[in-house]
Amino acid sequence: MSDITTSLAYSSDSAGMHPSHTLPIKIRAIAEAKFQQVEIAFPDLEAFAAQEFPGYRKLDNNGNGDLDKLVQAAEKVKKLCEELGLTVLAVHPFAQFEGYEDAQKRAAGLNRARAWFKVLKALDCQILQVGSTPDPSTSSDYDVIARDLRQLADDAAAQDPPIRIAYEMWAWGAHVNTWEDIWEVCKRVDRPNFGLCLDTFQICARAYADPTSANGLLQNPPEGSAILQLASSLKALAITIPPEKIYYLQISDGSRKVAPEELKKSAEEQGISPLYAWSNAWRPLPYMDTSTPRSASEGAWGGYLPVLDVCEAVLKTGWRGPWSYEVFYQEDMSKDSELIPSKWTKAAKLSHMLLEKHLKERGY
């Protein structure tokens, strides 16, 4: 593909947020923008199943629901991808799984995983992305967390074909919310099919940014400034994580367009962390104000995270693998416009070209 990637993917839930932006429409837009892979969002797939099968019952926390219909929908998606020359990189987000002391909750999580495995098989997909749980009632003990994820990895390895687990730090995770955390858990899981999904936004959201502060940066971090804090974190990342344990890299920026008080109010109304609210609605593409500028009346996209520095640190590990663009910009993506899916997928290719250009200038 290039000196820095083995393939390029785009996430289905990043190609439109309005109900009119159906999964087939978004997949076609991803293919038309010349991506080789698609990352399938499970909610997108369930919405498609509901369109195909009126009365479709979504899977619950125990994996119960209209699984047969969901598998049939997945088979249709796989066929569409094959017609368009796409493969499915990963399915996400499998969440709120690890760290429960209650045996029934652990059993329910495994049942849900086994249902998802059937969906992955129908999609011919071999990576399940697992986000670090935001549930504060779970254990903070890395050994307990690893116990559950080890069982998940073993069940995944027993599938035909075997499935890999890509563990991602969510910045709003209750106990695991930095790359250092997921690496510590990964070492304890100690399974060949258990690795990491690194994400430029999630890394910066903990080591550089604070969208609730006046300047958008971490206040009084241990290294003295946000820039130094991130530099220290990335220097360590580059020499710590073995490249074979990085399964793929997700790319997005973060916007300062949302005012701190507005973000905090939105988060409170939704009952979620401000970082989670920021992630859901204010993640543009890197370099978007250069590659896809808006009109003066619309205002800038407002991206300000040092995405390039994170990408460089990941490449310094020696890793070369799939890059997946996962972005969420609600005020634009939620418009009832048929132009949205192609607008964002094509903009992502322009952003990637700029990232490649700047990385080449740094010797990659």
Side-chain angles (χ1 to χ4, degrees), residues 3-5 132 167-173 175-187 195-256 260 273-275 278-279 282-290 301-321 323-327 351-352 354-364:
D3 294 335
I4 61 171
T5 65
S132 59
Y167 194 38
E168 181 186 15
M169 53 161 283
W170 284 351
W172 53 94
H175 312 297
V176 174
N177 49 47
T178 66
W179 73 259
E180 293 92 340
D181 291 337
I182 54 171
W183 175 235
E184 285 301 319
V185 171
C186 185
K187 287 189 292 184
L196 308 178
C197 167
L198 298 179
D199 184 305
T200 59
F201 174 88
Q202 306 292 355
I203 289 172
C204 288
R206 277 291 173 175
Y208 179 79
D210 177 0
T212 66
S213 69
N215 65 357
L217 303 178
L218 286 180
Q219 303 300 297
N220 305 311
E223 294 294 332
S225 73
I227 292 174
L228 293 176
Q229 189 67 31
L230 181 65
S232 175
S233 178
L234 295 182
K235 182 179 179 181
L237 185 155
I239 61 174
T240 300
I241 303 180
E244 65 272 14
K245 281 299 182 182
I246 302 172
Y247 287 172
Y248 69 106
L249 174 65
Q250 288 184 323
I251 309 292
S252 68
D253 204 338
S255 175
R256 282 200 65 204
S273 157
L275 287 176
W278 191 39
S279 173
W282 299 100
R283 288 169 64 173
L285 291 155
Y287 303 114
M288 202 165 181
D289 283 317
T290 300
W301 297 105
Y304 73 105
L305 303 181
V307 175
L308 180 66
D309 293 342
V310 180
C311 293
E312 182 180 18
V314 174
L315 293 175
K316 279 182 177 179
T317 68
W319 173 82
R320 299 295 184 272
W323 291 35
S324 182
Y325 283 81
E326 184 194 45
V327 293
S351 290
H352 185 73
L354 285 172
L355 261 178
E356 278 193 312
K357 174 179 178 289
H358 292 307
L359 284 166
K360 188 174 182 180
E361 290 168 353
R362 294 188 178 190
Y364 293 94

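Position 1 is the first residue of the sequence, and the numbers go up from there. All values below were derived from every heavy atom in this structure, side-chain atoms included, with hydrogens, water molecules and symmetry-related copies excluded.
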Asker: Show every ring-ring contact (aromatic ring centres under 6.0 Å, His included) that has at least one partner inside residues 198-233, sequence neighbours left out.
Answerer: Phe201-Trp278

Asker: Just so I know, are the side chains of Leu198 and Glu168 near enough to count as touching, which here means a heavy-atom distance under 4.5 Å?
Answerer: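 Leu198 does not reach Glu168 side chain to side chain.
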
Asker: What's the shortest heavy-atom distance between Leu230 and Pro306, and which atoms?
Answerer: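 Of all heavy-atom pairs spanning Leu230 and Pro306, the closest is CD2-CG, 3.2 Å.
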
Asker: Going by side-chain hydrogen bond (donor to acceptor under 3.5 Å, both in side chains), name the residues that satisfy it together with Thr178, two or more places apart in sequence or in a different chain.
Answerer: Glu180, Asp181

Asker: Return the set of residues passing side chain to side chain contact (heavy atoms under 4.5 Å, CB included) with Ser225 (not counting sequence neighbours), or none when no residue passes.
Answerer: Ile227, Leu228

Asker: Could you work out, with ring pair (Phe, Tyr, Trp, His ring centres under 6.0 Å) as the rule, every residue matching Tyr247, not counting sequence neighbours?
Answerer: none

Asker: Got a sec, which residues hit side chain to side chain contact (heavy atoms under 4.5 Å, CB included) with Pro243, two or more places apart in sequence or on another chain?
Answerer: Thr317, Trp319

Asker: Is the shortest side-chain heavy-atom distance between Tyr287 and Asp253 below 4.5 Å?
Answerer: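 Sidechains of Asp253 and Tyr287: no contact.
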
Asker: I'd like to know whether Asn220 forms a side-chain contact (heavy atoms from CB on, under 4.5 Å) with Gln229, so could you lay out the CA-CA distance, the side-chain angles of the two residues, the decisive distance to 0.1 Å, and finally the verdict.
Answerer: CA-CA 10 Å; Asn220 305 311; Gln229 189 67 31; over 6 Å; no

Asker: For the side chain of Ser132 and the backbone of Trp170, is there at least one donor-acceptor N/O pair under 3.5 Å apart?
Answerer: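 Checked: pair present.
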
Asker: If a pair satisfies salt bridge (charged side-chain N to carboxylate O under 4.0 Å, His left out) and one of its residues is in residues 207-232, list it, with sequence neighbours excluded.
Answerer: none

Asker: I'd like to check the side-chain hydrogen bond (donor to acceptor under 3.5 Å, both in side chains) partners of Asp289; sequence neighbours left out, ordered by chain and number.
Answerer: none

Asker: Compare every heavy atom of Ile4 with every heavy atom of Leu359, then report the nearest pair and how far apart it is.
Answerer: CD1-CD1, 3.7 Å

Asker: Rounded to the nearest 0.5 Å, how far apart are CG of Asp309 and CD1 of Ile203?
Answerer: 11.5 Å

Asker: How would you list, by chain and number, every residue that makes a ring pair (Phe, Tyr, Trp, His ring centres under 6.0 Å) with Trp301, sequence neighbours excluded?
Answerer: Tyr329, Trp344

Asker: Roughly how far, to the nearest 0.5 Å, is SG of Cys204 from CG of Leu218?
Answerer: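 Reported value, rounded in 0.5 Å steps: 10.0 Å.
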
Asker: In chain order, what residues pass the side chain to side chain contact (heavy atoms under 4.5 Å, CB included) check against Lys316, with sequence neighbours excluded?
Answerer: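 Per chain and number, Lys316 pairs via side chain to side chain contact (heavy atoms under 4.5 Å, CB included) with Ala238, Glu312, Tyr364.
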
Asker: Any salt bridge between Glu361 and Lys357, counting N to O under 4.0 Å?
Answerer: yes

Asker: For Pro260 and Ser213, work out which heavy atoms get closest and say how close.
Answerer: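 Closest pair (atom of Pro260, atom of Ser213, distance): CG-O, 3.5 Å.
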
Asker: Is there a side-chain contact between Trp323 and Glu356 (heavy atoms, below 4.5 Å)?
Answerer: no

Asker: Heavy-atom distance under 4.5 Å between the side chains of Ser233 and Trp179, does that happen here?
Answerer: yes

Asker: Can you name the closest pair of heavy atoms from Met169 and Asn177 and give their distance?
Answerer: CE-O, 3.1 Å

Asker: With Arg283, which residues qualify under side-chain hydrogen bond (donor to acceptor under 3.5 Å, both in side chains), at least two apart?
Answerer: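 For Arg283 the side-chain hydrogen bond (donor to acceptor under 3.5 Å, both in side chains) partners, ignoring immediate neighbours, are Asp199, Ser252, Ser279, Glu326.
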
Asker: side-chain hydrogen bond (donor to acceptor under 3.5 Å, both in side chains) with Glu244: which residues, sequence neighbours excluded?
Answerer: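 Listed in chain order: nothing, the list is empty.
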
Asker: Give me the atom names and distance for the closest heavy-atom approach of Ser351 to Pro286.
Answerer: OG-O, 2.8 Å

Asker: For residues Ile251 and Cys311, report the shortest heavy-atom separation together with the two atoms involved.
Answerer: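 Shortest heavy-atom contact: CD1-SG, 3.7 Å.
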
Asker: State, with a plain yes or no, whether a side-chain heavy atom of Thr212 is found less than 4.5 Å away from one of Leu275.
Answerer: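 Answer no - side chains too far apart.
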
Asker: Can you check whether Leu249 reaches Ser324 side chain to side chain, under 4.5 Å on heavy atoms?
Answerer: no

Asker: Can Asp3 and Arg320 be said to form a side-chain contact (heavy atoms from CB on, under 4.5 Å), step by step?
Answerer: CA-CA 8 Å; Asp3 294 335; Arg320 299 295 184 272; 5.8 Å; no

Asker: Partners of Lys187 by side chain to side chain contact (heavy atoms under 4.5 Å, CB included), sequence neighbours excluded?
Answerer: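 With neighbours one apart ignored, the set is Trp183, Glu184.
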
Asker: With side chains defined as the heavy atoms from C-beta onward, is the minimum distance between Gln250 and Cys197 less than 4.5 Å?
Answerer: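 Yes, at least one pair of side-chain atoms sits under 4.5 Å.
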
Asker: Would you mind reporting whether Thr200 and Leu305 have side-chain heavy atoms less than 4.5 Å apart?
Answerer: no

